[in-house]
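When a ligand or atom number is given, it counts from 1 through the structure's own listing order.
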Amino acid sequence: MVFAPPAPASVAVSGTFDRFPVRRIFCVGRNYADHAREMGHDPNAEPPFFFTKPADALVPDGSTIPYPPATADFHHEAELVVAIGKSGFMVSEDQAETLIWGYAAGNDLTRRDMQAEAKAARRPWDMAKGFDRSAVVGALRPGPVDKAAMIRCIVDDDVKQEARLSDMIWSVPAVIAHLSRLVELAPGDLIMTGTPAGVGPLSRGQICAVTIDGLGPAKVTIA
Ligand code: MN
């Protein structure tokens, strides 16, 4: 080794001192019909699609993060995060549940103006989605999550996003089944499962909290 490798990325496990080691972060685009429509797309037109963030873009609950460079339209996206605990390749929806280790609340922070430019120019989304400190993930809780749970994004005291997890176009098992046909899923993979309508800008000094019934929050302050 020409230098000491960095410590592996990890996420807190709620109620313990344990850490969940993170391998990769996959994200689903347009997985709630009302958000697909607000972004100008037909929610029924396409199968799920995926993009990624680097594991070291992770930010824990309670962090203060700087307003990122190269954007004037920095957006929140409240999302359910699935943690994968077992390997799986080309799994069925029925088998998909057995890969799940647990769940957390998350925020897929996005440079929306850069994403719009990338879409228009048919360029990749990496710099719009996978920048430093772009993946806020709260403490993981092992076991299932209530499919009727509410997901919310609260900026200062205003509820900006509010939906039921059951409003997802592609259920968690369907997302896992689709993704496992593209890559071999492995323990430590996280999947951010898409955001409901109401995405919007964050500004310096604001506090942005993603909450999901039964899970710990994913809250950040923008410095
Ligand atoms: Mn998203």
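Other residues, nucleotides and ligands contribute over 12 non-hydrogen atoms within 6.0 Å of the NZ atom of K53.
The number of protein N/O/S atoms found under 2.8 Å from the Mn ion (ligand 1) is 3.
Residues K147 and S166 have side chains that never bring a donor and an acceptor to within less than 3.5 angstrom of each other. Side-chain atoms of S203 and Q206 include a donor-acceptor pair closer than 3.5 Å. S10 and R19 form a side-chain donor-acceptor contact under 3.5 Å, judged by distance and modelled atom types alone.
In summary, the aromatic rings of F49 and W125 are positioned with their centroids under 6.0 Å apart.
In this view, K160 satisfies the salt bridge (Lys or Arg N to Asp or Glu O under 4.0 Å) rule with no residue, not counting sequence neighbours.
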